[in-house]
Q: 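Questions regarding the structure given below will be posed in turn.
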Amino acid sequence: MPPELRDALRDVERRTRRDRNRTLLWRLRPLGRVFAPVAAGLALLGGFAAWHARTLTQPGLMPVAAPPPMSVTARSPAAPEPTPPASSASGLPRVVYGPVPQVPEQPATGTQPAAARFSVRPAVIDGDTLAAGTDRLRIHGIDAPEMDQTCQRRGGTYPCGSMARDAMVAILGRGGLTCEALDTDRYGRSVVRCVTDRGADIGAELVRQGWAVAYRRFSLDYAAQEAEARAARRGIWDGSFMDPSDWRARNR
């Protein structure tokens with residue numbers, strides 16, 4: 001074969017191989033975009049593994065061993081429960097083993113003294129105050145017109161304070177009272193709840209007759225009796241009046 005023809009064939013073969021390689025690389029380029037990040041990640045992991053291996057082999061750095069398993073010894077049911085000392089120098093709280101001892105409940109303590117019952121034949125000072133010798137008894141839960149107070153009815157005034165006292169005298173009658181001391185007011189008077197020998201609550205009865213109002217500032221015990229008297233227009237409700245507490249604030 002002439003040398004010129006042989007060189008021409010070799011040149012054609014080289015060009016064909018080069019074009020084939022370029023075509024293959026062009027077709028494999030999308031795969032390279034996928035595998036390039038994977039290869040980079042594998043290289044990073046390999047570097048970290050090599051660094052970690054070097055770190056563990058350095059002097060003074062030893063792997064941490066797992067703690068040995070705990071051993072639990074079953075306690076015999078008949079064995080007595082241990083009781084630790086009541087206190088320790090470290091100030092830790094005392095721990096009691098076994099059932100917690102039951103502590104009996106103590107009665108609640110308040111500012112009011114314990115209720116005391118007594119019998120008395122009092123005198124009537126005004127609608128809501130009694131006298132037993134030198135002691136003054138303030139009826140619990142009611143507020144009656146003061147002795148000097150007047151009220152209005154049918155275009156005129158009348159002494160509702162003295163009429164409230166007369167109503168209380170009629171409620172007490174000739175019998176005695178059984179009273180229960182509940183508190184002491186700011187004037188030193190005993191605040192009491194009293195019933196007659198017939199069992200009638202004198203505070204409730206005076207409010208029911210309309211000669212006192214329920215003293216809501218301290219109690220709502222007689223709100224129902226007040227509503228009954230107001231609806232029936234009994235006593236001071238048969239007209240107009242100033243609330244006894246307002247009258248005291250204005251006139252004393």
Q: Taking Arg121 for the side chain and Arg174 for the main chain, is one N or O donor matched with an acceptor at less than 3.5 Å?
A: yes
Q: Going from CH2 on Trp247 to OG1 on Thr150, what distance comes out if it is rounded to the nearest 0.5 angstrom?
A: 8.0 Å
Q: More than 12 heavy atoms of other residues, nucleotides or ligands under 6.0 Å from CZ of Arg153: is that the case?
A: yes
Q: Among all residues two or more places apart in sequence or in another chain, which pass the side chain to side chain donor-acceptor pair (under 3.5 Å) test with Arg216?
A: Glu226
Q: Can you find a heavy atom in the side chain of Val213 that is under 4.5 Å from one in the side chain of Asp243?
A: yes
Q: By the rule that ILVMFWY residues connect when side-chain heavy atoms come within less than 4.5 angstrom, directly or transitively, which residues belong alongside Val195?
A: none
Q: Please list, chain by chain and in numerical order, all residues satisfying side chain to side chain donor-acceptor pair (under 3.5 Å) with Asp126, sequence neighbours excluded.
A: Thr129
Q: For the hydrophobic clusters of this structure (ILVMFWY residues joined by side-chain heavy atoms under 4.5 Å, transitively), does one cluster hold both Ile202 and Ile236?
A: yes
Q: For Ala132, what residues pass the side chain to side chain contact (heavy atoms under 4.5 Å, CB included) criterion, not counting sequence neighbours?
A: Val120, Leu137
Q: Would you list the pairs meeting disulfide bond (SG atoms under 2.5 Å apart) in which at least one residue belongs to residues 203-252, sequence neighbours left out?
A: none
Q: By the disulfide bond (SG atoms under 2.5 Å apart) test, which pairs, at least two apart or in different chains, include something from residues 198-240?
A: none
Q: Run through the side-chain heavy atoms of Ile, Leu, Val, Met, Phe, Trp and Tyr, join any pair under 4.5 Å, and report what else lands in Tyr187's cluster.
A: none
Q: Check side chain to side chain donor-acceptor pair (under 3.5 Å) between Arg248 and all other residues, then give those that pass, not counting sequence neighbours.
A: Asp143, Glu146, Tyr215
Q: Within a strict 4.5 Å, meaning less than it, do heavy atoms of the Arg193 and Asp221 side chains meet?
A: yes
Q: What residues form a ring pair (Phe, Tyr, Trp, His ring centres under 6.0 Å) with Trp237, not counting sequence neighbours?
A: Phe241
Q: Drop me the distance from Asp128's CG to Trp211's CH2, to the nearest 0.5 angstrom.
A: 14.5 Å
Q: Tabulate below the donor-acceptor pairs under 3.5 Å that side-chain atoms of residues 154-169 make, not counting sequence neighbours, or state none.
A:
unit_1: Arg154; atom_1: NH2; unit_2: Asp238; atom_2: OD2; d: 3.1
unit_1: Ser162; atom_1: OG; unit_2: Pro159; atom_2: O; d: 3.0

Q: Quick one: which residue pairs count as a disulfide bond (SG atoms under 2.5 Å apart) with a foot in residues 198-252, not counting sequence neighbours?
A: none
Q: According to side chain to side chain donor-acceptor pair (under 3.5 Å), who are the partners of Arg250, at least two apart in sequence or on a separate chain?
A: none
Q: Please confirm whether the backbone N or O of Val192 pairs with a side-chain atom of Ser190, one donor and one acceptor, at under 3.5 Å?
A: no
Q: Enter the distance from Leu177:CG to Leu130:CG here, rounded to the nearest 0.5 Å.
A: 6.5 Å
Q: I'd like to know whether Glu205 forms a side-chain contact (heavy atoms from CB on, under 4.5 Å) with Thr196, so could you lay out the CA-CA distance, the side-chain angles of the two residues, the decisive distance to 0.1 Å, and finally the verdict.
A: CA-CA 11 Å; Glu205 184 62 22; Thr196 65; over 6 Å; no
Q: Let me confirm one number: the SG-CD1 distance from Cys194 to Ile171, rounded to the nearest 0.5 Å.
A: 12.0 Å
